[in-house]
Amino acid sequence: MTPPTARTWARRGRTPVIRVRGRSQRRFSIAALACYTHGERSRLIYRPKRHLDHKRGGRRSFTWTDYRDLLIAAHQQLGAPIVLVWDNLNVHKDRRLRQFIDTRDWITCYFLPAYAPDLNPAEGICYLLRRSSQVNTAFTDPDHLISTLRHGLRQIRYRSNLINGCLAETGLTLATSRRQRQEW
């Protein structure tokens, strides 16, 4: 992973060049749910995963069972039904995952329009992660990268104003049903 840079310098008249050691063929993925509820602090539930066998034809991303396990963990942590708003990633539309979601009454699933990353708050989380914990860092080994990712995600997790900002940036709002408004 080539590290993003926030600041650099060079002599006047010279273009700054940042040299990074060889590119690693190791693969990491992160799945995250930005959780919003009226009147409660926003939460981030995530799972990082290191893919060890991707060079030998193994999977290079999360499987449908990984997403299933993430949804079960989120339901247990939140203790409430989940309204899931997903992008059109092919694994999100996998037949087995759709079957799992359809058989659970505590999940309601909606899909974002195709090619609309600006409507996905999780994209803002990724941007925050890259621009905060990974900036100006050349990782020495995969363990250094994964520990930095976990640390950055923990920092975002405990700052609900950042998670709220990711939702606000999409232009979407939380809507409540008429019955819920009357109860307040």
Inspect the surroundings of NE2 in His144 and state if more than 12 heavy atoms from other residues, nucleotides or ligands are less than 6.0 Å away. yes

If you count the non-hydrogen atoms of other residues, nucleotides and ligands that lie under 6.0 Å from CD in Glu169, is the total more than 12? no

Identify the two heavy atoms, one from Leu129 and one from Ile156, that lie closest to each other, and give their separation to 0.1 Å. N-CD1, 3.9 Å

Salt bridge check: are Asp94 and Arg98 linked by an N-O gap of less than 4.0 Å? no

Atom CZ of Arg104 and atom CD1 of Ile72: how far apart are they, to the nearest 0.5 Å? 6.5 Å

Using modelled atom types and a 3.5 Å cut-off, is there a donor and acceptor pairing between side-chain atoms of His75 and backbone atoms of Pro81? no

Cation-pi check for Phe111 against Lys93: NZ or CZ below 6.0 Å from the six-membered ring centre and within 45 degrees of the axis, yes or no? yes

What heavy-atom pair brings Ala34 and Pro121 nearest, and what distance separates the two atoms? CB-CB, 4.5 Å

Please say yes or no: joined through hydrophobic side-chain contacts below 4.5 Å, possibly via intermediate residues, are Leu167 and Tyr158 part of one cluster? no

Which heavy atom in Cys166 sits nearest to a heavy atom in Leu128, and how many Å separate them? SG-CD1, 3.7 Å

With a 4.0 Å cut-off, would you call Arg95 and Asp102 a salt bridge? no

Compare all side-chain heavy atoms of Cys35 with those of Ile45 and state whether any distance is below 4.5 angstrom. yes

Side-chain contact test, heavy atoms from C-beta onward, threshold under 4.5 Å: evaluate it for Tyr110 versus Val83 and give yes or no. yes

Following the transitive rule for hydrophobic clusters with a side-chain heavy-atom cut-off under 4.5 Å over Ile, Leu, Val, Met, Phe, Trp and Tyr, establish whether Tyr46 and Phe28 coincide in one cluster. yes

Output yes when a side-chain donor or acceptor of Tyr127 lies under 3.5 Å from a complementary backbone atom of Ala122, and no otherwise. no

Lys/Arg N to Asp/Glu carboxylate O, Arg47 vs Asp66, below 4.0 Å: no

Between His92 and Tyr67, does the ring centre distance come in under 6.0 Å? yes

